[in-house]
Amino acid sequence: ELLVKSVKELLDDTVALCGDRIKLNGISLKLPEKSDYQIKCNPTQIVQVFFNLVSNAADAIATIKDPWIEISIDQNAEGISIYFTDCGSGIPEAVREKLMQPFFTTKGVGKGTGLGLSLSKGIVEKHGGKFYYDTTCSNTRFIVQMPNANSSVNENLDTIPQKKAG
């Protein structure tokens, strides 16, 4: 079921899932000051997208001195953009070309399935949004762009398949 949720609630749920891991690895996590923007979504799916991005960032910057992840939000004509930026220096072009392919991973054996970004992109697109790597940022940044909660783009979203419990 699609619900109107604030991005703050979704980010709070994400932090609840991965906050301990972030702290244990000494990573500074900066959350947006204003995050009460509303989106219409399947909250579990969007939290999965946010979790994948934060988790991937944490893995990528684990060996960097003074690691940080920053999440910021902007509202514009296209909807709400949520930026996931980390202190990494970007992703090489050869890797970027394959990022969204299922089963592609840069992680070691047993460390990743290569499905996180591919599934995340699919989830966001089914919600009428866009999911992409920002090539203009000097750090590593992914952007999740979602329609506003009152956007007509959300009218067809009831067709998103839902997993039944049990």
Side-chain angles (χ1 to χ4, degrees), residues 1-25 27-61 67-88 91 99-100 102 112-137 139-166:
E1 179 182 344
L2 295 175
L3 304 171
V4 174
K5 289 287 198 177
S6 77
V7 176
K8 180 184 182 339
E9 282 181 82
L10 300 168
L11 290 172
D12 287 347
D13 290 349
T14 303
V15 171
L17 290 171
C18 61
D20 287 344
R21 178 175 165 220
I22 298 293
K23 285 179 193 164
L24 283 173
N25 288 315
I27 298 169
S28 168
L29 178 62
K30 183 177 180 192
L31 297 170
E33 290 180 21
K34 179 172 173 37
S35 58
D36 57 349
Y37 301 103
Q38 304 278 310
I39 60 174
K40 189 174 184 181
C41 65
N42 174 313
T44 304
Q45 290 180 346
I46 297 304
V47 168
Q48 179 183 353
V49 170
F50 292 177
F51 176 83
N52 284 340
L53 289 169
V54 173
S55 184
N56 282 354
D59 288 344
I61 64 174
W68 56 265
I69 297 170
E70 180 177 358
I71 302 170
S72 56
I73 303 173
D74 180 35
Q75 186 169 22
N76 51 45
E78 294 192 33
I80 296 164
S81 296
I82 305 124
Y83 304 88
F84 293 81
T85 309
D86 68 50
C87 62
I91 298 172
L99 271 181
M100 304 297 174
T113 62
L115 292 173
L117 293 178
S118 172
L119 289 172
S120 294
K121 185 176 194 308
I123 288 168
V124 171
E125 288 176 351
K126 284 185 179 176
H127 280 78
K130 296 177 186 170
F131 179 91
Y132 57 98
Y133 172 75
D134 182 359
T135 58
T136 66
C137 183
N139 292 107
T140 306
R141 174 183 290 155
F142 283 86
I143 302 173
V144 175
Q145 219 168 24
M146 298 289 288
N148 291 310
N150 57 1
S151 170
S152 61
V153 172
N154 287 296
E155 297 306 313
N156 302 331
L157 292 182
D158 293 326
T159 60
I160 296 176
Q162 306 294 317
K163 286 189 174 180
K164 299 285 185 207

Colleague: At what distance, to the nearest 0.5 angstrom, does CG of Leu31 lie from CG of Leu29?
Modeller: 4.5 Å
Colleague: Please check this pair: side chain of Tyr133 against backbone of Ile91, looking for a donor-acceptor N/O pair closer than 3.5 Å.
Modeller: yes
Colleague: What's the spacing between Leu17 CG and Gln48 CD if we round to 0.5 Å?
Modeller: 10.5 Å
Colleague: Less than 4.5 Å apart, side chain to side chain, heavy atoms only: is that true for Ile73 and Gln75?
Modeller: no
Colleague: Report the distance from atom CZ of Phe142 to atom CG of Asn52, rounding to the nearest 0.5 Å.
Modeller: 10.5 Å
Colleague: Using 0.5 Å steps for rounding, measure from the CD1 atom of Ile71 to the CZ atom of Arg141.
Modeller: 12.0 Å
Colleague: Ignoring hydrogens, what is the shortest heavy-atom contact between Trp68 and Thr85? Give both atom names and the distance.
Modeller: CZ3-O, 3.8 Å
Colleague: Quick check against the 3.5 Å criterion: does Asn76 have a side-chain atom that pairs as donor or acceptor with the backbone of Glu78?
Modeller: yes
Colleague: One pair to check against side-chain contact (heavy atoms from CB on, under 4.5 Å): Phe84 and Val54. What are the steps and the verdict?
Modeller: CA-CA 7 Å; Phe84 293 81; Val54 173; 4.1 Å; yes
Colleague: Is the number of heavy atoms from other residues, nucleotides or ligands within 6.0 Å of NZ (Lys34) greater than 12?
Modeller: yes
Colleague: Just how far is it from atom OH of Tyr132 to atom CD1 of Ile143, taken to the nearest 0.5 Å?
Modeller: 3.5 Å
Colleague: Taking all non-hydrogen atoms of both residues, which atom of Asn25 and which atom of Pro67 are closest, and how far apart?
Modeller: O-CG, 4.2 Å
Colleague: For Cys87 versus Asn139, what's the shortest heavy-atom pair and its separation?
Modeller: O-ND2, 3.5 Å
Colleague: What closest approach, in Å, do Val47 and Leu10 show between heavy atoms, and which atom pair accounts for it?
Modeller: CG2-O, 3.7 Å
Colleague: Can you find a heavy atom in the side chain of Leu53 that is under 4.5 Å from one in the side chain of Phe131?
Modeller: yes
Colleague: Can you give me the closest heavy-atom contact between Ile61 and Gly88, atom names plus distance?
Modeller: CG2-N, 3.8 Å
Colleague: As an exercise, state the distance from CD of Glu70 to CG of Asp86, rounded to the nearest 0.5 Å.
Modeller: 11.0 Å
Colleague: I'd like to check Met146 versus Val7 (side-chain heavy atoms, cut-off strictly below 4.5 Å). Are they in contact?
Modeller: no
Colleague: Does a side-chain heavy-atom distance below 4.5 Å link Asn148 with Gln38?
Modeller: no
Colleague: For Asn42, is there any backbone N or O sitting under 3.5 Å from a side-chain donor or acceptor partner on His127?
Modeller: yes
Colleague: Measure across Leu11 and Phe50 and return the closest heavy-atom pair with its distance rounded to 0.1 Å.
Modeller: CD2-CD1, 3.7 Å
Colleague: Around atom CG of Asp20, are there more than 12 heavy atoms of other residues, nucleotides or ligands at under 6.0 Å?
Modeller: no
